[in-house]
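Note that the numbering runs from 1 along the sequence shown for the chain.
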Amino acid sequence: MEPLYNNELTREGVWRRLAAAATTARAELLRPWGARQSRVLRRELTRAEVLVHDERLPADARLAVSGGAEPRASSATGSTIRLR
């Protein structure tokens, strides 16, 4: 992962760059995702689902935990998605 924004205080107590974390975060939320990011998201969601999968739970309870993420990962084939 690459940082979207960073900043640091100098020894003089002045920020090295203009404060822009909120602007950067807002712009990132509005930016459409490409196929690569969608694939990474899908892989990470699958990994998380494996970690939380518990055979002791009834199937409908497991779906309630993992099923909600599927629409966000649906574009791993190449279209773009927006996360809000």
Side-chain angles (χ1 to χ4, degrees):
M1 286 191 126
E2 297 177 27
L4 298 175
Y5 172 82
N6 68 8
N7 205 351
E8 59 186 289
L9 281 173
T10 64
R11 290 180 188 233
E12 296 79 28
V14 178
W15 289 105
R16 192 168 301 280
R17 294 177 189 79
L18 293 175
T23 302
T24 302
R26 189 171 28 261
E28 183 64 13
L29 285 172
L30 296 174
R31 182 182 60 78
W33 283 31
R36 181 178 178 277
Q37 284 184 302
S38 297
R39 282 191 305 273
V40 170
L41 174 65
R42 186 177 197 91
R43 184 178 60 234
E44 292 299 315
L45 287 173
T46 299
R47 186 170 88 57
E49 288 176 2
V50 168
L51 292 174
V52 300
H53 181 77
D54 187 343
E55 289 292 332
R56 296 172 294 182
L57 293 173
D60 58 340
R62 288 193 306 264
L63 290 174
V65 170
S66 63
E70 185 62 30
R72 300 228 175 178
S74 65
S75 69
T77 58
S79 58
T80 57
I81 60 173
R82 291 182 184 263
L83 295 180
R84 297 195 186 248

Short question: side chain of Y5, backbone of A20 - any donor-acceptor pair under 3.5 Å?
yes
Using only heavy-atom distances, determine whether the side chains of R17 and N6 contain a donor-acceptor pair under 3.5 Å.
yes
Measuring from atom OG1 of T10 to atom CZ of R16, what distance do you get when rounded to the nearest 0.5 angstrom?
6.5 Å
Would you say V40 and R43 make side-chain contact, with heavy atoms under 4.5 Å?
yes
Assess whether atom CG of L18 is packed by more than 12 heavy atoms of other residues, nucleotides or ligands within 6.0 Å.
no
CG of L29 to OG1 of T24, rounded to nearest 0.5 Å, is 11.0 Å
